[in-house]
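This report concerns only the one structure given below.
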Amino acid sequence: MYSIFKIQKDIKDGIKASLEKIAAETGVNPYDMPMPELEVPKDRSFGDYATNVAMTSSKLFGKKPRELAELIKSNFPLTKYIASIEIAGPGFINFKLDRTWLYNVLKEINAMEEDYGNLDIGKDQKIQIEFVSANPTGPMHLGNARGGAIGDVLASVLKKAGYYVEREFYINDAGNQVEKFGASLEARYLQLLGQDAAVPQDGYHGEDLVELMKEYIEDNGEGCLSMSSDERQLVLREWALEKNIERMKKDLEAYGIHYDVWFRESSLYESGEVNAVIEELKKNGHTYEKDGAVWFKATEFGADKDDVLVRANGIPTYFASDIAYHRNKFIKRGFDRVIDIWGADHAGHVGRMKAAMEALGISPDRLTVILMQLVRLKMGGEFARMSKRKGNMVTLRDLVDAVGKDAVRFLFNMRSADSQFEFDMDLAIKESSENPVFYAQYAHARICSILRNASSIGINVPDIADVELNHLNKNVEFDLMEKLASYPEEIGQAALRLEPYRLTHYAMDLATLFHSFYTECRVIGEEEGVMKARLVLIDSTKKVLANALSVLGVGAPEKM
RNA sequence: GCGCCUGUAGCUCAGUGGAUAGAGCGAUUGACUCCGGAUCAAUAGGCCGCAGGUUCGACUCCUGUCAGGCGCACCA
């Protein structure tokens, strides 16, 4: 157990023991007592930890909060590292620690190296996280970039917290969108070969289709001219989908995202799973027919409205294949839990998908959908809704090329998924050199620089067993160690609350504390004992910072 | 009209029912003859959209209201 958890447990156990003793003396039923909660006071001069338990249970004990607090204090079994206990304000009990407990943390970091911060709260539960899943009909946009950054870091966080995690990209290579894509490609193909053709009104009007067809003609010539329109669309479409998927893989790799599985919607039709799931729902009475279409009774499971599974023309809807897809995740592949990251424009879909899971006998709690508010792009002082079909967009690739992988990933992970995001491309480029990611990376490079300088005069980071850690006794040093100590806690919170953005805040805070330390304390040239202790401290800081940056998928450079 | 999300410093955003509401950027003022100034220290800047309610205590929970975003297809 990490020392930070151990010390918190010691305090809680102490409070509990104290309360039980008071309960026994006053005849209060111990089962009615609340579990004591600890919090970190905003103003640290109050102490390291505080509890409000005297306030929350003052009624139960029939005593005034401050009076009860005094009793808890006087019955508290003093344990190691607790320096003082004080009652304050309306009845807070503040615990001050003897901060030398923090030396243990340096030992933990040195023993565990890159495993520091690893937890077992996941208990090897199988989690699948599906994100981006952009239509393969064109390049990825800013919304995909945001979803990618959030999904990829969340996956890393969950893995660190002890879950078995798979990253998956769902390729929508079936259905209406793809038909439109084929028709649009055909029009561009014919235009390039001098024929009169128009991209359908609701087709894809982006220039990228023209480029694709130029490339196709270069490689494959004009052979499609002699085909029927249906055949031609199919050939062009399949060719273009392959191209686009390859491109997406490359773009995502350049963005630092590697998927375990690329799953094709079309495979669900080929395997018969779409029909099978429709039949299963029918058989169990969860469907009805209306106007020639097959409807799923989503309202029976609490959704706001029913939805169509099979259109009157006999073709299943996207909803039907998506149910089959999720059934595949849970039943065929046996994931305990599935996390989907969707754009907020799919919000209406969530209730119906959960309803469908319930109808299939899969607990809807096993499916978590993180709705990500859309990214709005500011261009020329105005907001424009980006559209693949209209072709007016900044792509993920543009962004990564202009601002850099690290800065983009960091930027998108500084905000929670449900905040709206107004993105000013010009500002992003202009301010890229002031991006917070560089602040954190600079701290890492600075430490490396000190270690290099030390090494050049024959001083290496000593074995921690040979170091008198009590040379570390300044406030800035304790503050820094405290931040290092809280890393496992931060990983746990980020994993449990599905909030990967905590990691960017952590990296920033750690960097700030290091920079403060740097300004106040020298390492090289200090008396030997102090120098050795500080070398261990900055080396530990370097390890944890690199650890956090690696979870974020951004680099930890030795030089900048 | 109904549903979901969001209103916090000039800007972009944090803030597990607790004590004097925070960070980055921007502004102002300072700081190495010295381990990287991509840094540090300090100052200014807030009716936490508004109004009620619950509570010992509300930025946080509830209700209403105003403003913005997104949905409400036999599209995906």
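Note on naming: letters A, B, ... go to the chains in the order of the sequence lines (proteins, then strands), and numbering restarts at 1 for each one.
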Should the pair A:Arg446 and A:Phe514 be classed as cation-pi, given the thresholds of under 6.0 Å to the six-membered ring centre and 45° from the axis? no
Is the shortest side-chain N/O distance from A:Thr519 to OP1 or OP2 of B:A41 below 4.0 Å? no
Can you see if the side chain of A:Ser419 gets near the phosphate of B:A14 - specifically, an N or O under 4.0 Å from OP1 or OP2? yes
Just N and O in the side chain of A:Arg446: are any of them under 4.0 Å from OP1 or OP2 of B:G37? yes
Measure from CG on A:Asp418 to P on B:C13 and round the result to the nearest Å. 12 Å
Separation of B:C35 P from A:Glu528 CD (nearest whole Å): 21 Å
Pairing nucleotide - B:G7, Watson-Crick or G-U, each distance under 3.5 Å: B:C66
Hey, is A:Phe46 stacking on B:A19? Ring centres under 5.5 Å, planes under 30°. yes
For B:G26 and B:A9, measure between their C1' atoms and round to the nearest Å. 11 Å
Starting from the 5' end of RNA chain B, give me the residue, A:Lys305 or A:Met55, whose nearest nucleotide shows up first. A:Met55
Measure CG/A:Asp509 against P/B:G15 and give the value in whole Å, please. 13 Å
For atom P, what is the distance between B:G22 and B:U39, given to the nearest Å? 23 Å
Figure out the CE/C1' separation between A:Met414 and B:C25, and round it to whole Å. 10 Å
Mind telling me whether A:Phe296 and A:Phe319 have parallel, tilted or perpendicular rings, with 30° and 60° as the class edges? tilted
Is there a side-chain polar atom (N or O) of A:Tyr518 under 4.0 Å from OP1 or OP2 of B:G37? yes
Would you call A:Lys329 and A:Glu168 a salt bridge, taking side-chain N to carboxylate O under 4.0 Å as the test? no
Has A:Arg452 got a side-chain N or O lying under 4.0 Å from the OP1 or OP2 atom of B:C35? no
So that I can tick it off, tell me whether A:Arg264 and A:Asp173 are bridged by a salt bridge, with the cut-off set at under 4.0 angstrom between side-chain N and carboxylate O. yes
What is the base-pairing partner of B:C47, counting Watson-Crick and G-U wobble geometry with both distances under 3.5 Å? none
How would you label the contact of A:Lys290 with the nucleic acid (heavy atoms, under 4.0 Å): base, sugar-phosphate, or nothing? base
Using a 4.0 Å heavy-atom cut-off, does A:Ala445 contact any base of the nucleic acid, only the sugar-phosphate backbone, or nothing at all? base
Is any side-chain N of the basic residue among A:Glu358 and A:Lys354 closer than 4.0 Å to the acidic one's carboxylate O? no
Provide the distance between the two P atoms, one in B:G15 and one in B:A23, to the nearest whole Å. 15 Å
In whole Å, what separates the C1' atom of B:C13 from that of B:C5? 16 Å
Could you give the distance separating B:C47 and B:U8 at their C1' atoms, to the nearest angstrom? 12 Å
Between B:C35 (C1') and A:Asp539 (CG): distance, integer Å: 15 Å
Please name the nucleotide paired to B:G37 by Watson-Crick or G-U wobble geometry with both distances under 3.5 Å, or report none. none
Does A:Asn52 contact B:G18 through a side-chain donor or acceptor facing the base, at a distance under 3.5 Å? yes
Looking at every strand, decide which applies to A:Asp173 at a 4.0 Å heavy-atom threshold: base, sugar-phosphate, or nothing. nothing
Residue-phosphate contact under 4.0 Å: A:Asn453 side-chain N/O, B:G36 OP1/OP2: yes
Can you work out whether A:Gln493 or A:Pro436 has the more 5'-proximal nearest nucleotide on RNA chain B? A:Gln493
With a cut-off of less than 4.0 Å, is there a side-chain N or O of A:Ser516 near OP1 or OP2 of B:A41? yes
Quick test of your reading of the model: are A:Lys297 and A:Asp306 salt-bridged, counting only N-O distances below 4.0 Å? no
When rounded to the nearest Å, what value does the distance between P atoms of B:G17 and B:G7 take? 15 Å
Distance, rounded to the nearest Å, where A:Asn435 contributes CG and B:U39 contributes P: 12 Å
Donor-acceptor pair under 3.5 Å: do we get one between A:Asn94's side chain and the base of B:A19? yes
Interatomic distance, A:Leu374 CG vs B:G71 C1' [rounded to whole Å]: 10 Å
Quick one: do A:Asp322 and A:Arg352 make a salt bridge, cutoff under 4.0 Å? no
Using a heavy-atom cut-off of under 4.0 Å over every strand shown, decide if A:Cys448 touches base, sugar-phosphate, or nothing. nothing
Identified pairing partner of B:U54, criterion: Watson-Crick or G-U wobble below 3.5 Å: none
Counting only distance, no hydrogens or angles, is the base of B:G7 paired donor-acceptor with the side chain of A:Gln420 under 3.5 Å? no
The Watson-Crick or G-U wobble partner of B:A23, with both key distances under 3.5 Å, is B:U12
Rounded to whole angstrom, note down the P distance from B:A44 over to B:U28. 16 Å
Go ahead and name the base partner of B:C72; Watson-Crick or wobble counts if both distances stay under 3.5 Å, otherwise write none. B:G1
Are A:Arg534 and A:Glu477 close enough for a salt bridge, meaning some N to O gap below 4.0 Å? yes
Please check the phosphate of B:C40 (OP1 and OP2 only) for any side-chain N or O of A:Tyr439 closer than 4.0 Å. yes
Under the criterion of centre distance below 5.5 Å and interplanar angle below 30°, is A:Phe92 classified as stacked on the base of B:A19? yes
I need the OH-P distance between A:Tyr506 and B:G15, as an integer number of Å. 18 Å
If you measure from the P atom in B:U60 to the same atom in B:G49, how many Å do you get, rounded? 8 Å
